[in-house]
Amino acid sequence: MLTITAVIRVKKGHEATMRQALLDVVAHVRANEPSTVGYHVSQDAADACVFATYERYADQAAMDRHNNSPAVARFFEVAKPILDGDVILVSASEIASK
């Protein structure tokens with residue numbers, strides 16, 4: 001299992017825009033990506049400008065399909081102007097799960 005964890009900080013005042021952009025990606029994943037095993041989106045309880053995704057993929061091909069999808073391209077069109085710093089990205093091989 002391959003995973004990606006992303007921590008995304010948005011400029012103050014753009015929280016709702018980021019939330020919707022991430023929810024749009026989730027809708028695309030649900031409808032079009034059967035090899036995406038899990039796609040979780042969270043918003044920090046203490047700082048509404050911080051979001052995180054935790055993504056699980058069956059294999060590299062599934063990860064590549066997701067990352068090259070029109071939904072991800074649209075997400076970055078929306079996100080780039082409102083990001084507050086670099087996205088922290090961790091790509092990993094899952095070693096345990098429940």
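Residues take their numbers from the sequence shown, with the count starting at 1.
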Quick one: [atom1] on [X] to [atom2] on [Y], what's the gap to the nearest 0.5 Å?
X     : Y     : atom1 : atom2 : result
Ser42 : Ile8  : OG    : CD1   : 10.5 Å
Leu2  : Thr36 : CG    : OG1   : 11.0 Å
Lys12 : Asp47 : NZ    : CG    : 7.5 Å
Glu55 : Thr3  : CD    : OG1   : 9.0 Å
Phe51 : Arg19 : CZ    : CZ    : 7.0 Å
Arg30 : Leu23 : CZ    : CG    : 8.5 Å

Centroid separation under 6.0 Å, is that true for the rings of His28 and Phe75?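 No, the ring of Phe75 stays outside the 6.0 Å limit from the ring of His28, centre to centre.
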
Derivation of the side chain to side chain contact (heavy atoms under 4.5 Å, CB included) call for Ser35 and Arg65: CA-CA 9 Å; Ser35 295; Arg65 276 191 299 278; 3.5 Å; yes

Sidechain-backbone polar pair: Gln20 side chain, Met18 backbone, donor-acceptor under 3.5 Å: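 Judged by distance alone, no pair lies under 3.5 Å.
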
Is the backbone of Pro81 close enough, under 3.5 Å, to the side chain of Lys11 for a donor and an acceptor to pair up by distance?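 Yes, because the side chain of Lys11 sits within donor-acceptor range (under 3.5 Å) of the backbone of Pro81.
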
If you apply the rule side chain to side chain contact (heavy atoms under 4.5 Å, CB included), what do you find for Leu83 with Arg9, and how did you get there? CA-CA 6 Å; Leu83 290 176; Arg9 177 175 284 282; over 6 Å; no

Closest heavy-atom contact between Ala71 and Val25?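 Heavy atoms of Ala71 and Val25 come nearest at O-CG2, 4.0 Å.
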
Report yes or no: do [X] and [Y] belong to one cluster of Ile/Leu/Val/Met/Phe/Trp/Tyr joined by side chain heavy-atom distances under 4.5 Å?
X     : Y     : result
Val37 : Leu22 : no
Val26 : Val78 : no
Met63 : Ile88 : no
Val50 : Val87 : no

Check whether any side-chain heavy atom of Val29 lies under 4.5 Å from a side-chain heavy atom of His66, and answer yes or no.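 Heavy-atom side-chain distance check passes, below 4.5 Å.
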
Between Val90 and Ile4, is the side chain to side chain contact (heavy atoms under 4.5 Å, CB included) condition met? List the steps. CA-CA 6 Å; Val90 177; Ile4 295 175; over 6 Å; no

Apply the test side chain to side chain contact (heavy atoms under 4.5 Å, CB included) to residues Tyr57 and Met1: give CA-CA distance (whole Å), side-chain angles for both, the deciding distance (0.1 Å), then the verdict. CA-CA 6 Å; Tyr57 301 97; Met1 189 78 55; 5.8 Å; no

Are there more than 12 heavy atoms of other residues, nucleotides or ligands under 6.0 Å from atom OH of Tyr54?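 More than 12 within 6.0 Å, yes.
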
I need the full list of salt bridge (Lys or Arg N to Asp or Glu O under 4.0 Å) pairs touching residues 83-98, with sequence neighbours left out, sorted by first then second residue.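 Pairs touching residues 83-98 that pass the test: Arg56-Glu94.
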
